[in-house]
Amino acid sequence: MASSTRVQELVKHFWGRWVKEWLPTLNRRNKWKVPHKDLSVGDVVLTIEKDLQRGKWPLGRVVEVYPGPDGYVRVAKVRTVKGDVVRGITKLCPLEVLD
């Protein structure tokens, strides 16, 4: 019994640190001095939901992108477990996926 309690403590500690330390680095709002990669079809993202905690945001995959008049992607359609949602890129956190 004591070992399962310890495992639960470790999992809770891991997720607590992940949510506080790593997750906020995904959606940094840097100045536009350095060009960055636009979202593209197939990218994996976290969909920011204001009603949910960061650790509960749904994971999704970009299925369509909508560029603005300047040619940069401003909105994307994301497929999640609950269906497709359309979000502005400020409400999406791209995840790094290693090939």
Side-chain angles (χ1 to χ4, degrees):
M1 225 18 153
S3 66
S4 76
T5 304
R6 178 68 179 144
V7 170
Q8 289 175 350
E9 281 180 28
L10 289 172
V11 169
K12 184 178 177 181
H13 176 74
F14 169 80
W15 281 112
R17 285 193 62 188
W18 188 81
V19 166
K20 289 178 186 169
E21 296 175 17
W22 189 76
L23 191 58
T25 66
L26 295 177
N27 203 19
R28 287 206 172 133
R29 302 196 191 268
N30 298 327
K31 292 290 184 183
W32 301 281
K33 295 178 183 176
V34 179
H36 64 281
K37 178 186 168 289
D38 269 341
L39 280 179
S40 58
V41 173
D43 286 351
V44 177
V45 296
L46 286 173
T47 306
I48 298 172
E49 305 256 347
K50 67 178 181 175
D51 300 336
L52 297 175
Q53 297 174 355
R54 281 185 272 193
K56 308 275 187 198
W57 289 343
L59 191 63
R61 184 172 299 272
V62 176
V63 293
E64 199 169 340
V65 293
Y66 306 102
D70 58 0
Y72 291 106
V73 174
R74 301 292 180 200
V75 178
K77 182 188 283 188
V78 178
R79 179 156 297 143
T80 66
V81 175
K82 295 181 180 181
D84 292 355
V85 295
V86 177
R87 292 278 192 276
I89 61 167
T90 60
K91 298 295 182 189
L92 300 172
C93 290
L95 297 177
E96 296 179 32
V97 178
L98 301 175
D99 293 327

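Side chains are part of it too, since the values below use all heavy atoms of this structure and drop only hydrogens, waters and symmetry mates. We number each residue from 1, following the sequence as shown.
Under a 3.5 Å cut-off, the side chain of W57 and the backbone N or O of E49 do form a donor-acceptor pair. For D38 (side chain) and V73 (main-chain N/O), a donor-acceptor pair under 3.5 Å exists by modelled atom type.
V63 and V75 end up in different hydrophobic clusters when Ile, Leu, Val, Met, Phe, Trp and Tyr side chains are linked at under 4.5 Å. Under the 4.5 Å side-chain heavy-atom criterion for ILVMFWY residues, a single connected hydrophobic cluster contains both L95 and W18. Note on L59: it clusters hydrophobically with F14, by side-chain heavy-atom contacts below 4.5 Å among ILVMFWY residues.
Inter-residue side-chain proximity for L46 and L92 is flagged as unmet; no heavy-atom pair is nearer than 4.5 Å. Side-chain contact between L52 and P58 is present, with at least one heavy-atom pair separated by less than 4.5 Å. Side-chain atoms of S40 and V65, non-hydrogen and from C-beta on, never get closer than 4.5 Å to each other. In this structure, the side chains of L39 and P94 come closer than 4.5 Å at one or more pairs of heavy atoms.
The structure places CG of D84 at 13.0 Å from CZ of R61, a figure rounded to the nearest 0.5 Å. To the nearest 0.5 Å, atoms NE2 (H13) and CZ (R17) are separated by 5.0 Å.
In plain terms, the two heavy atoms of I48 and R87 that are nearest each other are O-NE, 4.0 Å. The two residues A76 and V62 come nearest to each other via the heavy atoms CB-CG1, 4.1 Å.
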Stepwise salt bridge (Lys or Arg N to Asp or Glu O under 4.0 Å) test for R6 and E9: CA-CA 5 Å; R6 178 68 179 144; E9 281 180 28; 3.5 Å; yes
